[in-house]
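Residue numbers begin at 1 in each chain, while the letters A, B, ... track the order of the sequences. In this text the structure is predicted, and so the values were computed from the model without any measurement. Scope of the values below: all heavy atoms of this structure, side chains included, with no hydrogens, waters or symmetry mates.
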Amino acid sequence: MWKIITEALPQLIVAGLKYTIPIAVISFIIGLALALVVALTRISTKRGAFNILRWIAGFYVWLFRSTPLLVQLFIVYFGLPYLIIPGLAPTGIKLDPYTAGIITFSLNTGAYCAETVRAALLSVPEGQWEAAYAIGMNRSLVLRRIIIPQALRTALPPLSNSFIGLVKDTSLAASITIVEMFEVSQQIAAANYQPLLMYSLVALIYAVFCTVLSWLQKWLENKSSAYLQTTQGGAHS
Amino acid sequence: MISVENLTKSFGDNVVLDHISTAFPAEETTVILGPSGSGKSTFLRSLNLLERPESGVLHLEDLTIDYAQPISSKTTLAARQVTEMVFQSFNLFPHLTVLKNIIEGPVHVLKTPKADAEKEARELLQQVGLADKADSYPAQLSGGQAQRVAIARSLAMHPRYILLDEPTSALDPELELEVLKVLLKIHDENQSMIIVTHNMSFAKQVANKILFLEHGKMRYDGPTAGFFNSDDARIQAFLASMTFTL
């Protein structure tokens, strides 16, 4: 048994570090940027064209939260090649699996994070806006200097949740032919007829990755909430 | 000078500002008094556009704002350069150190070089007696210290007027005193101030002029002595209600 494990483990870890983690990290960064834009659009009180933008933002969040991620992956990778737009995409939209995966994961996680970020932005007390306006800041400066830094600290735990969820969800990419960690475990299991051992092993590696990420979350939380401590230099421990 | 003509605002049927007209002389301290819910805070906040009356005209130095007309964001920003606001709940920025709270406006709004802004911020901290707190975060300060930082933060913007909205109402008497002392010092340096307060003895000592609001109406607008010696029954009743007697 040890021989099987020591043979499979390096292949799994390499696939994890080469595909699982990078796909999760890139998708999360794009998703987070998207989430911030969507959240800011949704909390804006501007009228006119912003009414339409707010509607689009709300529709996007609804769409991606109301449909299964696996179905979204299938639509983007297997479905879009059949979407023929005359002039723009006369032969359909064909994406390579990694692009399709990253686009779908980004859009999916972006929809969830948008709600997290929106709630966090709204949780910053009204007095912070007023104090910043009173010293003569315009809205974008207030957001950038005062509101967003405080909101991101509040949003850190739920955002970490989304990220950890995303790391595990990348296993769905196996279904659109991406040879990420879970796909590699399936291939090994098919060859050595050890499905229980292989899938348990890959589960363990996901658990290790996610544990390291929760440590990272804890460290970030301590670092970013140092200013809330009532004694100088102290931190939650 | 700041002056207003016919400021009017209502929340639903409740008229909180009823055709208020007055002027705030420069280099003097005007104290706004009145029972709770009389419109004092709304009035003060409409001087820096945190509150928008439905009608009336606001003159801020050479800037004129007609509240009945749409106000551009450029005008709003220009108007807020004339005044600074000190809030009852301090509203310091919790994620920034004391020093950074003070230089935030000068550096990012006035575009003062950071080194100059820091130098001045340290002088201001000295002035409010908190030179040793430059690197503390707001969560590490007492209420009195936080409000003194807020006062330093407002002074750093060199406003023509400082507006103070019940600056000591959230503080214990002991902490209140340290804030009032700082305000008295600023008053003595001829900083123009407009203060909403419930502290009568402080009002008596610091005010060059008293405004008394009741149900959104201006009931008194004149010198301090005249207010405290008034024979108006409503004012006497108000003063009696503010004094503790057994």
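- For a residue to count as touching a neighbouring chain, one of its non-hydrogen atoms must lie under 4.5 Å from one of that chain's; by this rule B:Phe93 touches chain A with backbone and side chain alike.
- Listed in order of number, the residues of residues 166-183 of chain B that approach chain A to under 4.5 Å between heavy atoms amount to none.
- Listed in order of number, the residues of residues 22-56 of chain A that approach chain B to under 4.5 Å between heavy atoms amount to none.
- Highest contact tally toward chain A, considering only B:Arg45, B:Arg153, B:Gln81, B:Met85, is held by B:Arg45 [criterion: heavy-atom pairs under 4.5 Å].
- Heavy atoms closer than 4.5 Å to chain A are found in the backbone of B:Leu92, but not in its side chain.
- For a heavy-atom cut-off of 4.5 Å, chain B lies close to A:Gly127, A:Gln128, A:Glu130, A:Ala131, A:Ala132, A:Tyr133, A:Ala134, A:Ile135, A:Gly136, A:Met137, A:Asn138, A:Leu141 in residues 106-143 of chain A.
- B:His95 places no side-chain N or O within 3.5 Å of a backbone atom of A:Ser224 that could act as its donor or acceptor partner.
- In this structure, the separation between CG on B:Leu96 and OH on A:Tyr227 is 9.0 Å, given to the nearest 0.5 Å.
- Heavy-atom neighbours of B:Gln126 CD from other residues, nucleotides or ligands within 6.0 Å: at or below the threshold of 12.
- No other option in B:Thr76, B:Asn91, B:Val86 has as many heavy-atom pairs under 4.5 Å with chain A as B:Asn91.
- Of all residues spanning residues 51-75 of chain B, none has a heavy atom less than 4.5 Å away from chain A's heavy atoms.
- Contacts of B:Thr97 with chain A are absent, with no heavy-atom separation under 4.5 Å from either backbone or side chain.
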